[in-house]
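Worksheet for the structure shown next.
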Amino acid sequence: MRNMSARGALQLAVIAAFGLLFVLPLWWVSISAFRPEDDIFRYLNPLSLWTFFPNRVTFEHIVTLWTSPFARAIFNSLFVAIATVAGGLVVCTLAAFALAVIEFPGRSLVFTIMIVSFLIPFDAIAVPLYNVMRGFGLQNSYLGLILPGIGNGLTVFLLRQFFLGLPSDLREAGMIDGMGYFQIFWRIYLPLSVPALISAGLIMFIFQWQAYLWPLLIAPATEYKVAAVAIAQFSSAYDVNFGVIFAGAMFVSLIPMVILVAFQQYFTTSVAATGGKE
Amino acid sequence: MTRNKKLLWALLFLAPAIISVIILRLWPALMALHESLLAPRASTYSFENYTYIFSDPVFRGSLWTTLFYSVIVNPLQIAVALGLALLMNNKLPTTGFWRTLILLPVAIPQSVSAVVWSVGFRPDGLINALLGMFGIGEQRFLTSPEQALACIIIMVSWVGVGYWMTFLIAGLQDIPKSLYEAVTIDGANSWQRFRYVTLPQLRRPLTFVLVADTVANFLVFAPVQILTKGGPQGSTNLIMNEVYTRAFLSGDKGSAAAATVVLVLMVLIIVLLQFRLMSDKGAD
């Protein structure tokens, strides 16, 4: 470490301590997924090196996990999250474009109503929404899982901000070339918005991957159960197998973590854009 | 292009979003309002369900628990997030790596975190083992009415701190260096630099984080349902769990709808604040 003051070293020690504290549960989950069931609690009291490093390694929990209905749940979660991103991007970019580019009467009112309604997390209205969706016969269906996630206030807001930031010369040039709004949207705005689209997609993916209350209500059947629900029900089963729970927790965490780390820079941008910066 | 033609185009672009807002948000909200006003035995609208829930000690207890929880969890998360953001802003070597580690739990579903922590909080779990290292005896954690809410606060903070920290780091990076240089020339120490430059400059992101964090924590459900089911003795019966219990376990539709309306109104107030903060940027 080059030229670090004692103060800097102390600060770094505090940061590192927090980093380790935050990653400790994840570490414990991951190593427990690879050790025999008998070993998981054996080395906790007293603490030793073997609390945090497995001395016997097994893949039995991983195999059990992937041959159980849980594999289906992981697939369901992935499918629902990806479909939400796709559908949500269509709905939200179209809306954001109209709210940023087309000057129509009542625009700011529509903007306010839309963002505020979408900002209310749908968990708050999960109970009446469940009654509405049941009326449409959408219980235990992918559509029922996906639909509530496609309207996202942060996403519309983020995309509109981004569109507002693009120079108006662009669309004026398009107009002169005889382009309609749809062509301007499709051929000028979308190609320039890839970073914003990635940020928006990331928000919706993580949001849908984490959903718990809604899938619990609308899709309780094994066929449509998502991973976040499946793992909770695993853990309350009568004969709990902790190794399998930990293996499941590891995979359910790993997938969004890989995506988050890969796109961390877009995540930070989206945060900066929606976070009330000056 | 004429005004009408513009309006037509706008409606075309907005149609999917407007339909989703109506079907997925406004319509269910109206349904809840309608049901909440239909008392079990009355044939006309009345406030019977509301007077009933507000006289019910369980519902009132859940409101108080939610309030108490909010007053603790939000400042705690923001204080830790701010402290970490300030440390990370010094750009010491390897900071980026630790920052990623702290951000990792953000990606994990709360239900998974709850399952993991439920094992950690077991009497023979990891946390008692760590405390034992410091000579602290075995704690009851989730089965203790005094400790259960604290356990939930710790768990949701593990998930939340990295997220809010990211907002505050973005805010810190926006503060012009020249401001710090100016007060340093005037002989300000590091506390004064924080008090007179950082805090005022960070006001907007801090307010945003406070508001957004409050909404998020208001609707915490998975940890409660998985870890404690509202117990022991109602000590963790946060409002979302109360609504869920009324609607799906007690099957009391009218009072569940009334509780939902109360919940939505409270969230709406905070969300309106959040929206104002997002919209009028820079207008102090």
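So you know, we letter chains A, B, ... as the sequences are listed, proteins then strands, and number each from 1.
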What's the separation between atom CG in B:L101 and atom CG in A:L26, rounded to the nearest 0.5 Å? 9.0 Å

Drop me the distance from A:I15's CD1 to B:T94's OG1, to the nearest 0.5 angstrom. 7.5 Å

Interface moiety of [X] toward chain A, non-hydrogen atoms closer than 4.5 Å:
X      : result
B:M88  : both
B:L84  : side chain
B:I270 : neither
B:L103 : both
B:V267 : side chain
B:I18  : both
B:L202 : neither
B:L87  : both
B:F97  : neither
B:S36  : neither
B:R122 : side chain
B:E35  : side chain
B:A257 : neither

Tested for side chain to side chain contact (heavy atoms under 4.5 Å, CB included) against A:P128, the lone hit among B:V264, B:T260, B:V261, B:L30 is B:T260

Can you tell if the side chain of [X] reaches within under 4.5 Å of the side chain of [Y], non-hydrogen atoms only?
X      : Y      : answer
A:F104 : B:W9   : no
B:R25  : A:L129 : no
A:L99  : B:L14  : yes
B:M31  : A:N131 : no
A:L94  : B:P16  : yes

Give the minimum heavy-atom separation between [X] and [Y], together with the two atoms involved.
X      : Y      : value
B:P109 : A:A228 : CB-CB, 4.1 Å
B:I108 : A:S253 : CG2-OG, 3.5 Å
B:S157 : A:F22  : O-CE2, 4.2 Å
A:D123 : B:M240 : O-CE, 3.3 Å
B:V115 : A:I231 : CG2-O, 4.0 Å
B:T95  : A:L12  : OG1-CD1, 4.4 Å

Which one wins on heavy-atom pair count under 4.5 Å against chain B: [options]?
options                       : value
A:G106, A:A227, A:A95         : A:A95
A:I255, A:I102, A:L147, A:L24 : A:I102
A:S32, A:A211, A:G153, A:P25  : A:P25
A:C92, A:A96, A:P105, A:G151  : A:P105

Donor-acceptor contact below 3.5 Å, side chain [X] vs main chain [Y]:
X      : Y      : answer
A:R107 : B:A10  : no
B:W98  : A:F18  : no
A:Q210 : B:V106 : yes

Under 4.5 Å from any heavy atom of chain B - which part of [X]:
X      : value
A:L254 : neither
A:V110 : side chain
A:R7   : side chain
A:Q11  : both

Using distance only, find each side-chain donor-acceptor pair of residues 216-227 of chain B under 3.5 Å and give its atom names and separation, not counting sequence neighbours.
from   : atom 1 : to     : atom 2 : distance (Å)
B:N217 : ND2    : B:N74  : OD1    : 2.7
B:N217 : ND2    : B:D213 : O      : 3.3
B:N217 : ND2    : B:D213 : OD1    : 2.9
B:Q225 : OE1    : A:Y212 : OH     : 2.5

Dump the intermediate steps for side chain to side chain contact (heavy atoms under 4.5 Å, CB included) on A:V91 and B:S20, then the final yes or no. CA-CA 9 Å; A:V91 172; B:S20 348; 4.1 Å; yes

Looking at residues at least two apart in the chain, or sitting in another chain, which of them share a salt bridge (charged side-chain N to carboxylate O under 4.0 Å, His left out) with A:R134? none

Tell me whether the rings of A:F97 and B:F13 are parallel (<30°), tilted (30 to 60°) or perpendicular (>60°). tilted

